[in-house]
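Both ligands and their constituent atoms are indexed starting at 1 by order of listing.
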Amino acid sequence: MNDLKDSIDIIKTKIRDASIRSGRTEDDVLLIGVTKNVDLERIRQAYNYGIRDFGENYVQEARKKIEAFTEGATWHMIGHIQTNKIKYISRLFQWVHSVDRLEVLEILNRYGREMKVLFELNISGEQSKHGASQDDVKRILEKVRTFEFIEPLGLMTMAPYVENPEDVRWIFRRMREMLTELNKEFGLNMKELSMGMSSDFEVAIEEGSTMVRIGTAIFGERH
Ligand SMILES: *Cc1c(COP(=O)(O)O)cnc(C)c1O
């Protein structure tokens with residue numbers, strides 16, 4: 001009996017089934033284990049059970065883990081970005097999902113390390129959530145080619161928590177439409193949609209998610 005391995009197996013099965021329902025395979029959807037409040041030992045165990053991608057929200061907390069973690073993992077910054085932390089983000093992470101303003105790209109680019117970025121959209125317009133409006137993202141994309149170290153790869157969103165994930169299906173669908181619209185308008189070929197968390201990842205995959213960010217359903221409730 002092993003809780004962590006069981007949880008990962010269950011999630012992988014659900015990802016596979018939802019991928020098939022959207023006419024894809026499980027290889028089309030990347031599972032990112034969200035490790036805020038999860039200690040290094042548990043992260044290592046998850047790695048041993050096959051997780052290779054990890055998401056962190058807070059630079060300070062992530063830094064200790066990433067520097068101590070020697071195996072070949074990929075780290076994704078998914079939390080709100082504070083301007084004074086961008087230097088560390090550029091050094092520690094390979095992906096940043098939460099770009100919500102031009103300033104972040106300007107500063108990231110200065111450090112001269114290639115960075116894969118996603119733009120965080122706030123579709124529901126919820127006050128409490130971070131993320132840019134569609135117009136904000138357009139203003140960023142107009143300039144994105146001027147940053148030689150920035151690779152724009154897609155969009156990210158965090159849907160509000162709801163009892164029934166069907167209630168946020170429209171958000172995921174709108175994200176996919178927006179990706180198509182933005183690619184067309186700016187002559188880009190972005191392919192990634194980072195959407196879906198423990199409570200709604202199956203619906204997100206059905207609507208085209210390519211990256212799911214899952215914490216609680218793998219590691220248990222955060223304290
Ligand atoms: C915490 C967090 C997650 C994971 O949420 P769970 O509900 O625990 O799966 C995903 N994305 C972001 C941006 C988060 O902050």
Side-chain angles (χ1 to χ4, degrees), residues 3-4 6-15 18 29-39 42-43 45-46 49 51-63 65-66 73-82 85-86 89 92-101 104 115-132 136-137 153-169 171-172 175 192-223:
D3 289 348
L4 190 56
D6 289 349
S7 307
I8 292 170
D9 287 346
I10 291 168
I11 298 287
K12 283 189 172 168
T13 304
K14 289 181 174 171
I15 289 175
V29 181
L30 180 71
L31 169 57
I32 299 172
V34 173
T35 46
K36 57 174 174 252
N37 286 331
V38 176
D39 63 32
R42 298 269 285 166
I43 298 176
Q45 285 169 11
Y49 299 133
I51 306 281
R52 290 292 178 274
D53 289 80
F54 297 98
E56 285 278 343
N57 291 63
Y58 308 103
V59 172
Q60 210 107 319
E61 180 188 341
R63 190 176 166 183
K65 298 177 194 173
I66 298 173
T74 299
W75 294 87
H76 301 252
M77 172 60 186
I78 63 174
H80 180 65
I81 299 169
Q82 290 174 274
K85 298 280 162 54
I86 297 176
I89 292 174
L92 297 166
F93 293 88
Q94 288 82 50
W95 286 76
V96 183
H97 292 224
S98 39
V99 173
D100 61 355
R101 58 198 192 277
V104 173
M115 190 62 74
K116 299 181 193 307
V117 312
L118 308 179
F119 304 98
E120 181 174 358
L121 266 162
N122 180 345
I123 299 228
S124 61
E126 248 195 333
Q127 290 293 319
S128 60
K129 289 277 178 348
H130 295 294
D136 294 336
V137 171
L153 293 178
L155 305 176
M156 181 272 233
T157 201
M158 209 171 153
Y161 177 78
V162 287
E163 284 287 317
N164 180 358
E166 288 299 332
D167 294 345
V168 288
R169 183 182 288 276
I171 292 181
F172 302 133
M175 285 285 287
E192 306 296 341
L193 286 172
S194 169
M195 54 192 201
M197 315 190 351
S198 294
S199 57
D200 57 19
F201 71 93
E202 292 168 276
V203 170
I205 292 170
E206 286 167 11
E207 295 300 333
S209 170
T210 63
M211 306 174 115
V212 291
R213 309 178 309 268
I214 300 186
T216 315
I218 293 178
F219 298 104
E221 290 291 336
R222 286 181 289 273
H223 302 291

Hits for side-chain contact (heavy atoms from CB on, under 4.5 Å) against R52, two or more places apart or cross-chain, chain-then-number order -> Y47

Residue pairs meeting salt bridge (Lys or Arg N to Asp or Glu O under 4.0 Å), one or both in residues 156-167, sequence neighbours left out, come to E166-R169

In short, side chain to side chain donor-acceptor pair (under 3.5 Å) pairs touching residues 208-217 with sequence neighbours left out are E192-T210, S194-R213

Report the relative orientation of the aromatic rings in H76 and H97; use parallel for angles under 30°, tilted for 30 to 60°, perpendicular for over 60°. perpendicular

Using heavy atoms and a strict 4.0 Å limit, residues surrounding ligand 1 turn out to be V34, K36, N57, I78, M158, M197, S198, R213, I214, G215, T216, R222

Only residue of L31, L153, I78, L118 satisfying side-chain contact (heavy atoms from CB on, under 4.5 Å) with M211 is L118

Next on the checklist: When you measure from the side chain of S98 to the backbone of G79, do you find a donor-acceptor pair of N or O atoms at a distance under 3.5 Å?
Outcome noted: yes

